[in-house]
> 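The structure is given below, and queries will be raised subsequently.
Labels below follow one simple rule: chain letters A, B, ... track the order of the sequence lines, proteins then strands, and each chain is numbered from 1. Because the structure is a prediction, the values reported are computed rather than measured.
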Amino acid sequence: MTYFWTIAVLVIALGLAWRYLGSYMAAVFETRLHFFRFIERPIYAILGTGPDREQTWKRYATSLIIFSGGFIGIDYLLLRIQGLLPLNPQHLGAVGPALSFNTSVSFVTNTNWQNYAGESTMSYFSQIGVLTVQQFVSAAVGIAVAIALVRGFSRKGSGTIGNFWVDVTRGLLYILLPIAFLAGIVLVGQGAVQTLAGPATVHDALNGVTQTIARGPAGFMGSIMQLGTNGGGFFNADLAHPLENPTGLTNLLYVFLTLSIPVSLTYTFGKMVGSVRHGAALLAAMAIIFGAWVGFTSYAEHQPNPAVAAAGVASQPAGNMEGKEVRFGDTSSALFNVSMTQTSDGAVNSANDSYNPIGGFGPLSGMMMGEVSPGGVGSGLYTILLFAILAVFIGGLMIGRTPEYLGKKIQAREVKLAGLGILVMPITVLVITGIAVSIHAGRAGPLNGGPHGFSEILYAFTSQGNNNGSAFAGLTGNHAFYNVAGAVAMLLGRFAIIVPSLALAGTLAAKKVVAASAGTFRTDNTMFVGLLIGVIVIVGGLTFFPAVALGPIAEQLSHKFYSVVTVLPVIGQSLGHLATPASWRALLP
Amino acid sequence: MRSLFSNVWRAVAAIVVMTLIFGFAYALAGTGVAQLFFRHQANGSLTANGSTLIGQNWNGYSTTKILDHQWFHGRPDADNPLSATGKAGTSAAANLGPRSTVLVHDVKALVKAWHAVGVIPTPDLVTTSGSGLDPDITPADAVAQIPMVSKATGVSPPRLRALIAKETHGPQLGFLGSSYVVVLTLNEALAKLR
């Protein structure tokens with residue numbers, strides 16, 4: 001019953017955000033709001049640009065790539081010289097080269113895959129000046145691309161799609177900064193830490209224990225990492241850590257922040273193209289997929305953990321509590337982790353690796369459908385628009401007419417670009433996973449044996465190829481192979497989808513609008529919502545079913561238990577281990 | 001070529017400006033507000049004996065035996081923040097899969113250890129948490145430990161039951177998350193009772 005109210009409050013809050021944050025964002029990108037002009041103007045002056053300097057899609061894409069590439073370089077450098085920089089009370093040294101590369105790519109691409117433990121690897125300087133900055137900027141870049149694609153539909157016969165620098169600046173100033181700051185205050189009020197003082201040492205007179213407690217500027221990082229669907233927390237345990245996610249309220253607030261912008265952007269889209277119904281149709285498709293996955297996973301996690309049952313614990317009334325925090329419980333944990341993999345967020349408040357076999361299928365398959373329900377900030381909207389184009393194309397084939405979407409004719413070039421954008425992710429994920437299970441360095445990664453070990457590898461590359469960052473965290477990713485292969489997956493998963501999306505924006509903006517007639521295939525009704533869901537689920541299902549069958553499905557159906565391979569006790573259970581998992585190698589031909 | 005140069009210049013300028021505003025200015029302003037209005041929370045909710053948000057070891061570091069019978073115990077986490085070197089440890093879940101023989105083995109050992117002190121363990125008492133530092137247990141987890149604590153401290157079971165009821169926090173705002181007891185404050189209250 002409490003879970004029912006949790007969901008009800010979330011739905012109401014998101015409904016309000018959809019309507020009001022959605023129209024606010026439309027006003028921001030139609031340049032109708034100016035109250036931050038006093039900061040905007042000097043920024044444009046320094047950058048030598050302004051709202052009147054429109055860019056073609058090629059210029060827009062070039063600016064984006066140079067900007068992101070520059071940030072990858074600078075962030076890499078800052079991590080490499082961490083030991084020389086201030087704000088480092090723990091005197092942490094330089095981050096290694098492969099890990100620095102993986103981490104800078106990870107944060108610039110909005111992935112936030114973390115092959116390191118935050119509290120013992122990153123100084124406060126790195127957490128603030130590298131990671132938090134990217135949690136803002138990568139989110140603003142995502143929103144900018146989505147808005148550029150929306151302009152492709154809303155403009156007629158136009159050669160330009162907006163100005164990249166202006167879109168990013170306005171997204172940062174008007175949307176991300178104020179919301180993140182307010183949410184940060186609430187989080188700290190609830191108990192999230194926010195200090196520049198180093199770790200605290202306390203002695204407990206009752207039991208004689210002396211504790212050293214890691215602290216840092218975690219609260220305000222938490223708010224932007226969730227609002228920007230980044231997900232890379234200050235601490236290794238991410239949002240399971242009580243000092244970053246202290247209460248049931250902060251847990252729900254984090255879920256709300258993550259979903260708010262991707263959900264509201266569908267309203268922004270509808271408003272900017274002059275048909276809120278079209279935005280509502282996209283939202284309906286997102287909501288149906290999201291609801292199904294949350295329901296399924298919550299149910300799966302409310303079931304007993306098979307290993308705990310096998311150990312002789314007679315009943316598990318609160319579901320699978322291995323890897324979960326008492327203050328959240330089973331279902332709120334499932335809601336959280338599913339929300340983070342239906343977006344591109346990837347934060348965890350409980351260990352995905354310890355979810356029930358088919359419970360772990362929930363977060364994994366959410367990412368496999370391309371993260372469109374509702375997806376990442378910006379990336380959710382531009383990816384679902386690619387699927388929408390594919391859906392009208394299929395619809396057009398059925399009725400034998402040139403398909404249109406919002407009055408724009410969808411022709412060969414548009415379908416090719418959309419197809420390219422959709423296929424990049426599965427190809428990247430499956431090819432790199434294939435390589436990983438074929439070589440020793442890849443097979444050395446998993447902690448758990450059996451199909452679960454394969455799931456850990458598949459999950460890692462699905463997550464990075466989708467710029468998610470969620471993990472089956474038993475996998476040891478801080479080796480040269482996983483660092484570099486992961487970075488490649490993240491770069492392809494981000495830019496090989498952004499460039500076709502911007503190209504699509506360019507060709508659509510140049511098109512004229514055809515008036516709707518009686519024969520036009522409607523794209524704002526229930527039929528279209530069904531078709532769109534069908535396309536998303538079928539593309540994701542057909543591409544990934546064979547891989548998923550070897551992982552979570554095999555694990556669910558088998559009743560065998562698998563041993564864990566050698567664990568290096570000094571480094572700890574989840575940080576380091578050597579593995580030659582013979583039991584799952586048997587799965588390979 | 002000229003446009004490429006101007007783009008590179010723009011990117012460099014934008015990187016510097018954005019790092020200053022959205023990194024340092026944001027985090028420092030946030031820290032200022034936090035330290036001004038929520039000093040206690042912003043510094044880690046520290047009390048005399050530890051943090052109410054960070055679990056601690058009540059058992060003297062044994063994973064095979066319940067050594068200390070006079071306190072209520074938390075989740076059997078690895079107790080990562082406990083560190084003799086003064087450096088903060090790393091928070092982490094155990095990450096053992098649902099069909100792991102190691103998990104079966106660990107849970108069996110914990111069940112045995114609890115049975116040895118007359119406690120029929122609830123699932124929370126034999127499974128590890130998501131952070132490795134869960135500060136809480138459910139009221140049922142605390143009630144399950146009453147036989148052990150009562151025998152060691154001489155406080156009668158009904159008084160312990162009343163103590164647990166007093167220390168129980170319901171779901172936040174009535175509907176968010178689960179009911180919980182903070183192990184540290186429960187033990188502090190227990191110490192006063194003795």
> Side chain, backbone, both or neither: which part of A:Y355 has a heavy atom under 4.5 Å from chain B?
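Contact with chain B is through the backbone of A:Y355 alone.
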
> Is B:I120 close to chain A through its backbone or its side chain, or both, or neither, when contacts mean heavy atoms under 4.5 Å?
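For B:I120, there is no contact with chain A at all, as no heavy atom is under 4.5 Å.
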
> Counting heavy-atom pairs under 4.5 Å to chain B, which of A:I224, A:L172, A:L239, A:D238 comes out on top?
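The candidate making the most pairs under 4.5 Å is A:L172.
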
> Which bit of A:I46 comes within less than 4.5 Å of chain B, counting heavy atoms only: side chain, backbone, both or neither?
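The answer is both parts of A:I46.
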
> Which heavy atom in A:R327 sits nearest to a heavy atom in A:N245, and how many Å separate them?
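Closest heavy-atom pair between A:R327 and A:N245: NH2-O, 3.0 Å.
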
> Can you classify the ring geometry of B:F24 versus A:F125 as parallel (below 30°), tilted (30 to 60°) or perpendicular (above 60°)?
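Ring orientation of B:F24 relative to A:F125: tilted.
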
> Is A:A314 in contact with chain B via its backbone, its side chain, both, or neither, using a 4.5 Å heavy-atom distance?
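Answer is neither: A:A314 stays 4.5 Å or more from chain B.
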
> With respect to chain B, which residue among A:V326, A:N352, A:D353, A:L173 yields the maximal number of heavy-atom pairs within a distance under 4.5 Å?
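Between A:V326, A:N352, A:D353, A:L173, the count favours A:V326.
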
> Any idea how B:Y26 and A:F181 line up, ring-wise: parallel (<30°), tilted (30 to 60°), or perpendicular (>60°)?
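Taking A:F181 first and then B:Y26, their aromatic rings stand perpendicular (interplane angle over 60°).
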
> When rounded to the nearest 0.5 angstrom, what is the spacing between CD1 in B:I66 and CG in B:L110?
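Nearest 0.5 Å value for the CD1-CG distance: 7.0 Å.
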
> Do you know which of A:G360, A:P317, A:A180 has the most heavy-atom pairs under 4.5 Å to chain B?
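Maximum pair count with chain B is reached by A:A180.
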
> Would you mind checking which part of A:S455 comes under 4.5 Å of any heavy atom in chain B, side chain (CB onward), backbone (N, CA, C, O), both or neither?
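Neither part.
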
> Heavy-atom distance under 4.5 Å to chain B: side chain of A:L196, backbone, both or neither?
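Backbone plus side chain of A:L196, per the 4.5 Å heavy-atom cut-off to chain B.
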
> Given that the side chain runs from C-beta out, which part of B:A140 has a heavy atom under 4.5 Å from chain A: side chain, backbone, both or neither?
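Neither the backbone nor the side chain of B:A140 comes within 4.5 Å of chain A.
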
> Quick one: what part of A:L252 sits under 4.5 Å from any heavy atom of chain B, side chain, backbone, both or neither?
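A:L252 touches chain B through side-chain heavy atoms alone.
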
> In terms of heavy-atom proximity below 4.5 Å to chain B, should A:V193 be classed as side chain, backbone, both, or neither?
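Looking at A:V193, backbone and side chain both touch chain B.
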
> Counting only non-hydrogen atoms closer than 4.5 Å, does B:T52 touch chain A with its backbone (N, CA, C, O), its side chain (CB onward), both, or neither?
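Neither part, no heavy atoms under 4.5 Å.
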
> Counting only non-hydrogen atoms closer than 4.5 Å, does A:L187 touch chain B with its backbone (N, CA, C, O), its side chain (CB onward), both, or neither?
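Neither part; nothing is under 4.5 Å.
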
> Any side-chain heavy atom of B:R159 sitting closer than 4.5 Å to one from B:S156?
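A side-chain contact exists here, since the closest heavy-atom pair is under 4.5 Å.
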
> Among B:G130, B:G177, B:P98, which has the most heavy-atom pairs under 4.5 Å with chain A?
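The answer is B:P98.
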
> Which distance, rounded to the nearest 0.5 Å, do you find between the CG of A:N337 and the OG of A:S332?
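The OG atom of A:S332 is 11.0 Å from CG of A:N337, to the nearest 0.5 Å.
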
> Quick one: do the B:N7 and A:S63 side chains pair a donor with an acceptor below 3.5 Å?
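Checked: B:N7/A:S63 side chains pair up, N/O donor to acceptor below 3.5 Å.
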
> Can you confirm whether the side chains of B:Q56 and A:N207 place a donor and an acceptor under 3.5 Å from each other?
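Judged by distance alone, the side chains do pair up.
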
> I'd like to know which of B:G23, B:G30, B:A191, B:G50 tops the heavy-atom pair count under 4.5 Å against chain A.
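Ranked by heavy-atom pairs under 4.5 Å with chain A, first place is B:G30.
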
> What part of A:H241 gets closer than 4.5 Å to chain B, counting heavy atoms only: side chain, backbone, both or neither?
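Contact with chain B involves both backbone and side-chain atoms of A:H241.
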
> Looking only at heavy atoms and a cut-off of under 4.5 Å, which of A:S315, A:A197, A:P357, A:G189 has the most pairs with chain B?
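Looking at each of A:S315, A:A197, A:P357, A:G189 in turn, A:G189 comes out on top.
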
> Using atom types as modelled and distance alone, determine if a side-chain donor or acceptor of B:S100 lies under 3.5 Å from a backbone N or O of B:L96.
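Judged by distance alone, no pair lies under 3.5 Å.
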
> Go through the atoms of B:A27 and report whether side chain, backbone, both or neither lie under 4.5 Å from a heavy atom of chain A.
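The answer is both parts of B:A27.
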
> I want to check something: taking the side chain as every heavy atom from C-beta on, are A:P199 and A:E119 in contact at a cut-off of under 4.5 Å?
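No; the side chains remain at least 4.5 Å from each other.
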
> Establish, from distance only, whether the side-chain atoms of B:R75 and B:T127 form a donor-acceptor pair under 3.5 Å.
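Looking only at side-chain atoms, B:T127 and B:R75 do form a donor-acceptor pair, the distance falling under 3.5 Å.
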
> Given that the side chain runs from C-beta out, which part of B:E188 has a heavy atom under 4.5 Å from chain A: side chain, backbone, both or neither?
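For B:E188, heavy atoms of backbone and side chain both lie under 4.5 Å from chain A.
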
> Between B:D136, B:D134, B:D124, B:D77, which is the residue that forms a side-chain hydrogen bond (donor to acceptor under 3.5 Å, both in side chains) with B:S129?
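Among B:D136, B:D134, B:D124, B:D77, the one that satisfies the side-chain hydrogen bond (donor to acceptor under 3.5 Å, both in side chains) with B:S129 is B:D77.
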
> Among B:Q35, B:K112, B:H40, B:Q70, which residue forms the greatest number of heavy-atom pairs with chain A at distances under 4.5 Å?
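The residue among B:Q35, B:K112, B:H40, B:Q70 with the greatest pair count is B:Q35.
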
> Short question: side chain of B:Q41, backbone of A:A192 - any donor-acceptor pair under 3.5 Å?
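Looks like no, no N/O pair under 3.5 Å.
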
> With a sphere of 6.0 Å drawn around CG of B:L28, does it hold more than 12 non-hydrogen atoms of other residues, nucleotides or ligands?
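Yes, the 6.0 Å shell around CG holds more than 12 heavy atoms from other groups.
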
> Short question: side chain of B:S150, backbone of B:P147 - any donor-acceptor pair under 3.5 Å?
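The answer is no, because no donor-acceptor pair under 3.5 Å joins these two groups.
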
> For A:W165, does the six-membered ring have the charged nitrogen or CZ of A:R59 within the cation-pi criterion, i.e. under 6.0 angstrom from the centroid and within 45° of the normal?
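The answer is no, since A:R59 fails at least one limit relative to A:W165.
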
> Name the region of B:L46, side chain, backbone, both or neither, that has any atom closer than 4.5 Å to a heavy atom of chain A.
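The side chain, not the backbone.
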
> Sort out for me which of A:I185, A:N251, A:V130, A:V348 touches chain B most, counting heavy-atom pairs under 4.5 Å.
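If we count pairs closer than 4.5 Å to chain B, A:I185 comes out on top.
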
> Taking A:P306, A:G70, A:G216, A:A351 one by one, which has the highest count of heavy-atom pairs under 4.5 Å against chain B?
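Top count of heavy-atom pairs under 4.5 Å with chain B: A:P306.
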
> Could you tell me which portion of B:V17 (side chain, backbone, both or neither) has an atom closer than 4.5 angstrom to a non-hydrogen atom of chain A?
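The side chain, not the backbone.
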
> Flag the one option from B:T47, B:I21, B:V104 with the top tally of heavy-atom pairs under 4.5 Å to chain A.
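When all of B:T47, B:I21, B:V104 are compared, B:V104 has the most.
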
> With a 4.5 angstrom heavy-atom cut-off, is it the side chain or the backbone of B:Q172 that approaches chain A, or both, or neither?
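Side chain of B:Q172 only, per the 4.5 Å heavy-atom cut-off to chain A.
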
> Checking A:A205 against chain B: side chain, backbone, both or neither under 4.5 Å from a heavy atom?
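A:A205 touches chain B through backbone and side-chain heavy atoms alike.
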
> Counting only non-hydrogen atoms closer than 4.5 Å, does B:I137 touch chain A with its backbone (N, CA, C, O), its side chain (CB onward), both, or neither?
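Looking at B:I137, just its backbone touches chain A.
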
> If you define the side chain from C-beta out and look only at heavy atoms, does anything of B:W71 sit under 4.5 Å from A:L206?
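The answer is yes; the side chains approach within 4.5 Å.
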
